[in-house]
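Data first, discussion second: the structure below is written as structure tokens.
Heavy-atom basis, side chains included; hydrogens, waters and symmetry copies ignored. A note on names: the letters A, B, ... follow the listed sequences, proteins ahead of strands, and every chain is numbered from 1.
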Amino acid sequence: MDPLTNEDVADILALLDSLPYDEFDLETPRFRLSLRRTPGGWTQSTEVHAAPGGAAVGRAAPGGPALGVKGPLPPSIGGDGTFTPVGGDRSGAGEADEADAARGEADAARGEADAAGGEAGGVEGDGGSGDAGLVVVRAPLPGTFYRAPRPGAAPFAEVGSRVGADTVIGIVETMKLMNSVPAGVAGVVAEFCVTNAELVAQGAALLRIRTEE
Amino acid sequence: MILRRVLIANRGEIAVRVIRTCRRLGIETVLAVSGADADAVPARMADTTIAIGSYLDVDAVVAAAVAARADAIHPGYGFLSENPRLARACETAGVVFIGPSAEVLEAAGDKLAARAHAVAAGLPVLPGGLVSAGAGGADGADGAGVEEAQAVAGRIGYPVLVKAAGGGGGRGLRVVRDPADLAGAVEVGSAEARAAFGDGRVYLERYVAAGRHVEVQLLGDGENVIHLGDRDCSVQRRYQKLIEEAPAPRLGETLRVGMRAAAVAFGQHLKYQGLGTVEFLVDAGRSEFWFLEVNARIQVEHPVTEAVTGLDLVAEQIAVAEGRRLRLSQASVRLDGHAIECRINAEDPAAGFRPSPGRVTSAVFPAGPGVRVDTHIQAGSAVPPQYDSLLAKLVVSGASRAEALDRLRGALARCEIGGVATTVPVHAALAADGEFAAGGVSTEFLARWLGRQTRPVRDKNG
């Protein structure tokens with residue numbers, strides 16, 4: 001259901017302007033509208049409530065889509081429904097996804113530290129493995145990781161590929177922008193931590209590179 | 001036919017926008033939603049929702065419309081809005097496509113075809129050519145594609161602009177000054193074009209550094225075509241529009257009249273049906289303009305036209321889709337005052353406009369006379385990384401550009417969006433800039449302006 005239109009809000013404001021009130025709150029079962037008078041003029045904030053008592057969203061079944069009433073997603077929905085941005089709460093994810101999410105958040109914390117220090121994808125020694133020669137390349141942004149410049153093309157790098165610091169090892173697509181991810185360090189690709197077209201959190205480990213002394 | 005139930009195959013603020021008009025017209029709304037959008041504001045506003053895996057899946061969208069017994073599909077902008085396959089699939093399924101015919105979409109969507117039509121309609125065009133390499137078909141075609149791109153670029157002359165052949169909106173655009181960079185630009189541009197439109201073909205065109213981007217809004221019923229005035233969209237960062245206004249400031253009457261007439265001639269040539277925009281590159285100093293492309297859909301910046309015409313463009317789209325003749329004559333379209341739109345994006349201007357997906361913790365917008373906000377976010381909204389970064393459009397209007405600008409400054413000061421970084425501080429700084437206030441800047445303005453900011457433009461909210 002609709003909250004009020006811009007014209008409705010304008011009418012209410014015209015009325016309020018002639019009255020000694022600085023706040024106006026309208027709450028209905030469907031939405032809440034808050035108007036506030038500030039020194040610079042009026043502000044508005046709206047909250048459209050979720051449909052009450054919704055059961056299941058209509059969803060595409062194998063035999064074709066079915067229409068349903070509105071509500072939270074069933075836990076099994078796949079595709080782009082399984083990803084929640086860093087810090088977001090996550091409802092209905094499977095166990096494996098939760099583990100991924102926890103790892104993703106830990107990764108993200110490191111990723112933010114990386115981002116504060118440098119521009120593109122984070123690179124760091126793999127402290128956990130105790131292997132000083134292994135360096136992790138992390139996602140500079142949350143998004144979809146691609147190993148090749150386009151579907152069907154050869155990957156930027158394979159396990160065993162020799163890379164330089166500026167060698168592009170993949171792309172992270174975030175909000176429709178393609179962000180090239182450079183290796184950041186010279187060495188040989190030891191392993192990929194994510195698969196092609198996987199959604200990754202900011203700072204998620206993408207691959208490990210064995211550096212050479 | 002009268003449309004009683006419409007499936008909206010889109011998300012974000014445009015989904016909210018279409019729902020609003022449908023509700024006003026008494027049309028039931030069914031919103032197609034991806035998993036990430038199932039609890040977003042548009043899903044909460046629509047009468048019903050139906051899950052689809054992707055907004056780019058033609059079969060899923062049409063199947064959803066059929067399953068929902070919708071009379072029509074409104075595609076919004078982006079995604080499948082200019083995809084002739086969707087228009088044809090609608091026809092086959094007996095669903096009305098709210099947009100131009102598949103033939104017009106084919107003519108408009110393919111840069112080469114659109115240019116040929118523009119030439120046929122008597123419009124001036126820039127030199128350019130299509131590169132099949134971007135189609136990204138079989139492996140091994142890459143070498144030939146690069147050679148082809150180099151041949152086309154050599155003929156046009158550097159610098160060249162690499163554009164997505166299959167869609168507008170600035171996606172996949174890149175300037176190439178050095179022939180050595182061409183192959184890489186074609187590849188990445190092609191990947192972006194595929195992500196945005198599902199069509200990876202790219203097109204090369206001569207790059208004009210200091211032009212203005214001015215466009216004319218068209219409305220046609222297949223026979224009659226009228227214009228609804230012009231818009232200036234020259235404030236762009238990497239070909240993404242940031243601020244739009246109507247009418248285009250300081251254009252000069254001869255140029256303005258010439259462009260509007262050219263756009264209408266183009267629309268008449270195509271027997272245009274529905275809402276569309278003809279984009280021009282303008283050299284205001286020399287009073288010259290060139291056809292760039294036609295966008296066969298409603299555009300992000302349509303509210304500035306609504307503000308100066310008093311029309312509801314979605315309602316006009318629906319009327320045409322219902323098979324009605326235009327309800328407006330050119331003489332009945334009155335343009336009054338001035339309107340400015342700021343795109344508030346989830347991007348961090350202090351970090352090179354890095355996308356800033358996440359969760360919105362607070363969303364307070366200005367309200368009052370001459371202020372309109374089109375948005376799909378509220379406190380608690382997720383901003384998923386899979387989709388573009390537009391959070392809200394702040395539209396201000398006034399009797400004059402000066403009055404609109406004044407309102408804009410006050411309105412921006414009252415925007416408080418928490419949880420994600422936004423472009424609000426950039427808009428606030430631009431609204432205070434003398435060069436922007438003077439009006440008529442060209443497309444290189446924003447990059448130059450950003451370059452001369454001594455401090456990064458920071459969000460007061462963090």
Does any heavy atom of chain A fall under 4.5 Å from the side chain of [X], the backbone, both, or neither of them?
| X | value |
| --- | --- |
| B:Ser362 | neither |
| B:Ala191 | both |
| B:Pro366 | both |
| B:Ala346 | both |

*Do the side chain of B:Gln378 and the main chain of A:Val48 share a donor and acceptor less than 3.5 angstrom apart?*
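Yes; judged by distance alone, with no hydrogens or angles, the pair exists.
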
_Flag, side chain of A:Asn6 to backbone of B:Val371, donor-acceptor distance under 3.5 Å_ =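 Here the side-chain-to-backbone pair exists.
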
*Can you establish whether the number of heavy atoms outside A:Asp166 located under 6.0 Å from its atom CG is more than 12?*
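Counting neighbours around CG of A:Asp166, 12 or fewer heavy atoms of other residues, nucleotides or ligands fall under 6.0 Å, so no.
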
*In sequence, state the C-alpha distance, the side-chain angles, and the governing distance for A:Leu199 and B:Gln386, and then conclude on side chain to side chain contact (heavy atoms under 4.5 Å, CB included).*
CA-CA 9 Å; A:Leu199 281 163; B:Gln386 299 97 312; 4.2 Å; yes

*asked:* Between A:Gly41, A:Ala14, A:Ala10, A:Ala148, who has the most heavy-atom pairs with chain B when the cutoff is under 4.5 Å?
replied: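 The option with the most such pairs is A:Gly41.
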
Considering all heavy atoms, the nearest [X]-[Y] contact:
| X | Y | answer |
| --- | --- | --- |
| B:Pro355 | A:Leu141 | O-CD2, 3.9 Å |
| B:Pro357 | A:Pro142 | CG-CG, 3.4 Å |
| A:Pro140 | B:Arg354 | O-NH1, 3.7 Å |

*Kindly compute the distance separating OG1 (A:Thr174) from CD (B:Glu347), expressed to the nearest 0.5 Å.*
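The CD atom of B:Glu347 is 11.5 Å from OG1 of A:Thr174, to the nearest 0.5 Å.
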
*Find the distance between CZ (A:Phe31) and CZ (B:Arg44) and round it off to the nearest 0.5 Å.*
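Here the rounded value is 14.0 Å.
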
Less than 4.5 Å apart, any side-chain heavy atom of [X] and any of [Y]?
| X | Y | result |
| --- | --- | --- |
| A:Met175 | B:Val383 | yes |
| B:Arg414 | A:Gln44 | no |
| A:Pro149 | B:Val188 | no |

